[in-house]
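Accompanying notes for the structure given below.
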Amino acid sequence: GLHKVFVYGTLKRGQPNHHLLQEAVGLARLLGRARLVDRYPLILTRYGIPMLLAKQGAGEVVEGELYEVDDDALAKLDELEHHPTLYTRTPTHCHLLTPSQQSHLPNSTSSPTPSSDPTASVDCETYMVYDTTDSALQQPHYRCYDVANLPEGLEMPPSAKDRSPELRAAIYESLLEIKRKMS
């Protein structure tokens with residue numbers, strides 16, 4: 001079957017893991033730039049990797065891209081996102097942006113108001129992180145991820161295919177730290 005997936009981080013065009021969608025085994029077709037209907041906190045981890053926290057109503061109206069993918073491409077994305085142990089593929093809704101609504105600068109102060117027209121929203125899935133620590137929620141929230149504009153002090157992560165096993169393990173550990181320790 002076909003699935004609509006909203007991507008907001010390293011899978012977008014121009015970002016380090018976009019090649020996974022370009023070289024997708026199976027189908028991965030860009031439907032357009034999009035933004036989530038609801039607000040969610042998008043934070044950056046130590047390695048500059050974005051995490052969308054499953055805290056509806058907090059944070060920003062996050063911008064990204066909407067793709068239509070088949071089962072094979074979806075399986076690749078699930079693998080990259082460590083679904084469901086780290087990120088969880090979660091049903092949500094987004095709006096496709098018209099050309100006139102294309103990007104607001106990531107740091108502009110005017111926040112777009114979510115459209116309240118339910119007919120315009122698209123059912124999709126995106127990768128969110130559940131059970132996060134309270135300190136994760138206190139980190140700065142972003143609307144639009146761009147690896148070229150990471151805040152100072154965050155290193156740009158190499159694309160997943162270029163990571164050494166050691167770096168891969170270190171990144172995974174740093175991401176797990178954001179999740180609340182399950183007792």
Side-chain angles (χ1 to χ4, degrees), residues 1-44 49-132 137 141-149 159-160:
L2 291 177
H3 313 265
K4 291 188 173 74
V5 178
F6 175 86
V7 302
Y8 53 83
T10 62
L11 285 162
K12 295 190 303 184
R13 288 172 295 178
Q15 306 301 317
N17 289 319
H18 181 66
H19 63 89
L20 283 172
L21 284 166
Q22 286 175 305
E23 308 152 6
V25 205
L27 170 91
R29 185 168 69 94
L30 174 68
L31 299 179
R33 288 179 46 88
R35 82 166 58 111
L36 291 176
V37 172
D38 297 308
R39 292 172 180 277
Y40 288 95
L42 174 60
I43 65 165
L44 295 179
I49 292 172
M51 277 189 149
L52 192 65
L53 308 184
K55 302 274 187 210
Q56 190 175 341
E60 298 279 344
V61 177
V62 173
E63 295 190 3
E65 295 171 348
L66 185 64
Y67 285 83
E68 188 168 61
V69 301
D70 65 8
D71 294 335
D72 292 337
L74 190 68
K76 283 308 269 184
L77 297 181
D78 282 353
E79 189 183 330
L80 173 77
E81 306 289 4
H82 297 279
H83 165 78
T85 49
L86 187 56
Y87 293 80
T88 305
R89 186 158 34 84
T90 305
T92 186
H93 312 280
C94 70
H95 295 291
L96 280 166
L97 300 183
T98 60
S100 66
Q101 293 172 304
Q102 300 298 326
S103 190
H104 296 72
L105 291 173
N107 301 323
S108 68
T109 46
S110 63
S111 200
T113 44
S115 153
S116 54
D117 177 3
T119 56
S121 78
V122 179
D123 291 341
C124 60
E125 294 179 290
T126 195
Y127 292 91
M128 292 192 195
V129 181
Y130 288 78
D131 304 312
T132 47
L137 207 50
H141 299 155
Y142 295 86
R143 182 158 73 240
C144 192
Y145 175 84
D146 182 0
V147 82
N149 287 323
S159 106

Checking [X] side chain against [Y] main chain: does a donor-acceptor pair fall under 3.5 Å?
X: His83; Y: Arg89; answer: yes
X: His141; Y: Pro41; answer: no
X: His19; Y: Gln15; answer: no

What are the two closest non-hydrogen atoms of [X] and [Y], and how far apart are they?
X: Asp70; Y: Gly26; result: OD2-CA, 3.2 Å
X: Ala160; Y: Asn17; result: N-OD1, 2.8 Å
X: Tyr67; Y: Val7; result: CE1-CG2, 3.7 Å
X: Ser121; Y: Val37; result: CB-CG2, 3.7 Å
X: Pro50; Y: Gly9; result: CG-CA, 3.6 Å
X: Glu65; Y: Lys12; result: OE1-CA, 3.4 Å

Hey, could you give me the [atom1]/[atom2] distance between [X] and [Y], rounded to the nearest 0.5 Å?
X: Arg35; Y: Leu66; atom1: CZ; atom2: CG; result: 13.5 Å
X: Leu77; Y: Asp72; atom1: CG; atom2: CG; result: 11.0 Å
X: Glu63; Y: His95; atom1: CD; atom2: NE2; result: 12.0 Å
X: Met51; Y: Ile43; atom1: CE; atom2: CD1; result: 6.5 Å
X: Glu60; Y: Leu36; atom1: CD; atom2: CG; result: 12.0 Å

Would His93 and Asp38 count as having a side-chain donor-acceptor pair, cut-off 3.5 Å?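 No, no side-chain donor-acceptor contact under 3.5 Å.
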Side-chain donor-acceptor contact under 3.5 Å, Asp78 with Tyr127: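 Present: a donor and an acceptor within the cut-off.
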For Thr90, which of Tyr40, Phe6, Tyr130 qualifies under side-chain contact (heavy atoms from CB on, under 4.5 Å)?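 Of all the options given, the one that passes is Tyr130.
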Is there a side-chain contact between [X] and [Y], using heavy atoms and a 4.5 Å cut-off?
X: Leu80; Y: Leu11; result: yes
X: Leu2; Y: Leu27; result: yes
X: Lys76; Y: Glu81; result: no
X: Glu68; Y: His3; result: no
X: Thr132; Y: Leu137; result: no

